[in-house]
Amino acid sequence: MDFAPRIVAWQRQHGRHDLPWQNTRDPYRIWLSEIMLQQTQVATVIPYYERFLQRFPDVAALAAAAQEDVMPYWAGLGYYARARNLHRCAQEIARDWNGRFPPTAEAIATLPGIGRSTAAAIAAFAYGERSPILDGNVKRVFTRQFGIAGDPAKREIEQRLWALADANVDAAPGLDMAAYTQGLMDLGATLCTRGKPACERCPVADTCVAKRDGRQAELPTPKARKAIPERETAMLVLQHQGAFLLQQRPEPGIWGGLWSLPEFDAAGDPLAASRALGLDPEQRFELAAFAHTFTHYRLHIRPWYVPVRSASLRQPTQPERWITQAELPDTALPAPVKKLLLGLIEAGLPGDLLVNSK
């Protein structure tokens, strides 16, 4: 089986070699990139990665930081459990591993937020360990190359794919694991893409079952589509003397640890919701509603702009604070909330986004 050596040869000549997290054996930098790249495109990750490293250059710096200091450097990347696990992971390394990253994939996989494939990638790039990976891109390559039908997320199909991953590594003694691992990632990201794969440039096209049988569009087998649940909420854009009121979202949960706008029932009264916080609202302005789609549901948001006469709050049930406009860019805000607030500021409050006032 010469699959792995051919991937290595292709990667050395045609693969990606200039990404910021390449050409290093530093497990911290490799780990950070692997976590950021989960569910996120390379082009989106690069500026976050560079900014994060400037603030937290090593495990010790990240472990010593408070979580509230970490979240602003993740805000906008989404899937915020990744950032919370990243911070907890750094603290475990500092506490249990004397500040040094574990030396094997098996040990790395015991850390928070690191699964088998991610642990193997870190170990391959940092230590050259012969541990195969099986992320989403690699699953797509393998299902097409070896003609594996069935939902790759199902246990029996995933086990078949892991067996193939192990077999390909075992069949290639002396394999350059860093080049092979990167080659699989590059192949899935640049040629064996979900739509319109570039089979004419693929280094293993001549042995690909999907290409031979014209089944590229069928493999991997798509998941059965389910209707996305719809939810709704209302948000208060409370402002006093140029500052906005934000609440820190509890953990666990969507946006846990981030600062967001106070919410209330979509059918409720924004003035009553403002008074429930102990505030004295002047007026209410209905803003244009919008939707934000998460992995498992779509949230319909109905925002209200409510200027208030005083910043005095009743005893808060969760962390609350007033944030000035100047502080917003560096505050850990969910992407749709940040977009809403910055858009209002740009438009000029209450601005052109208002639907009506009462």
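Hydrogens, waters and symmetry mates are skipped; everything else that's a heavy atom, side chains included, is used.
Two residues are said to be in side-chain contact when any heavy atoms from C-beta on lie closer than 4.5 Å; Tyr127 and Pro27 meet this criterion. The closest side-chain heavy-atom distance from Val237 to Leu341 is below 4.5 Å. Between Trp21 and Asp26, the closest side-chain pair of non-hydrogen atoms is not below 4.5 Å. Using a 4.5 Å heavy-atom cutoff, the side chains of Leu187 and Pro203 are in contact. Residues Leu246 and Ser260 form no side-chain contact, since every pair of their non-hydrogen atoms from C-beta on lies 4.5 Å or further apart. Thr331 places none of its side-chain heavy atoms less than 4.5 Å from the side chain of Pro72. In this structure, the side chains of Pro262 and Leu277 come closer than 4.5 Å at one or more pairs of heavy atoms.
Looking at Arg82 and Asn85, their side chains never bring a donor and an acceptor atom within 3.5 Å of each other. A side-chain donor-acceptor contact under 3.5 Å links Gln247 and Glu320. In the model, Thr233 has a side-chain atom that pairs as donor or acceptor with a side-chain atom of Glu263 under 3.5 Å. Between the side chains of Gln41 and Thr44, no donor-acceptor pair is found at a separation under 3.5 Å. No side-chain donor-acceptor contact under 3.5 Å links Thr104 and Glu129.
When each of Tyr49, Tyr28, Tyr73 is tested with Phe56 by the rule ring-ring contact (aromatic ring centres under 6.0 Å, His included), just one qualifies, namely Tyr73. Shown are Asn137, Ile133, Leu19, Val42; of these, the side chain to side chain contact (heavy atoms under 4.5 Å, CB included) with Met185 is made only by Ile133. When each of His292, Glu230, Arg231 is tested with His300 by the rule side chain to side chain donor-acceptor pair (under 3.5 Å), just one qualifies, namely Glu230.
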Taking it one step at a time, do Arg29 and Leu32 satisfy side chain to side chain contact (heavy atoms under 4.5 Å, CB included)?
CA-CA 5 Å; Arg29 290 171 177 254; Leu32 177 62; 5.7 Å; no

For side-chain hydrogen bond (donor to acceptor under 3.5 Å, both in side chains), just list the numbers for Gln239 and Tyr305, CA-CA rounded to whole Å, side-chain angles, deciding distance to a tenth of an Å, and then say yes or no.
CA-CA 8 Å; Gln239 190 186 44; Tyr305 171 60; 2.6 Å; yes

Verdict with supporting geometry, Met71 and Gln67, side chain to side chain contact (heavy atoms under 4.5 Å, CB included):
CA-CA 6 Å; Met71 297 307 290; Gln67 183 174 288; 4.1 Å; yes

Evaluate the salt bridge (Lys or Arg N to Asp or Glu O under 4.0 Å) criterion for residues Arg212 and Asp206: first the C-alpha distance (whole Å), next the side-chain angles of each, then the deciding distance (0.1 Å), finally the verdict.
CA-CA 8 Å; Arg212 182 196 68 195; Asp206 60 324; over 6 Å; no

Verdict with supporting geometry, Phe142 and Phe146, ring pair (Phe, Tyr, Trp, His ring centres under 6.0 Å):
CA-CA 6 Å; Phe142 279 9; Phe146 302 105; 5.7 Å; yes

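A salt bridge links Glu251 with Arg84; the closest basic N to acidic carboxylate O contact falls under 4.0 Å. Arg12 and Asp176 are joined by a salt bridge, as a carboxylate oxygen and a charged side-chain nitrogen come within less than 4.0 angstrom of each other. For the pair Arg16 and Asp186, the salt-bridge criterion is met [side-chain N within less than 4.0 Å of a carboxylate O]. The pair Arg100-Asp58 does not count as a salt bridge, with every side-chain nitrogen at least 4.0 angstrom from each carboxylate oxygen.
For CZ of Arg51, the number of neighbouring non-hydrogen atoms (other residues, nucleotides, ligands) closer than 6.0 Å is greater than 12. The neighbour count for Arg309 CZ, taken as heavy atoms of other residues, nucleotides or ligands under 6.0 Å away, is above 12.
In this structure, Trp259 has its ring center at least 6.0 angstrom away from the ring center of Phe244. Residues Trp31 and Phe101 place their aromatic rings such that the two centres sit under 6.0 Å apart.
Geometric assessment of Arg116 against the ring of Trp162 yields a positive cation-pi assignment under the 6.0 Å and 45° thresholds.
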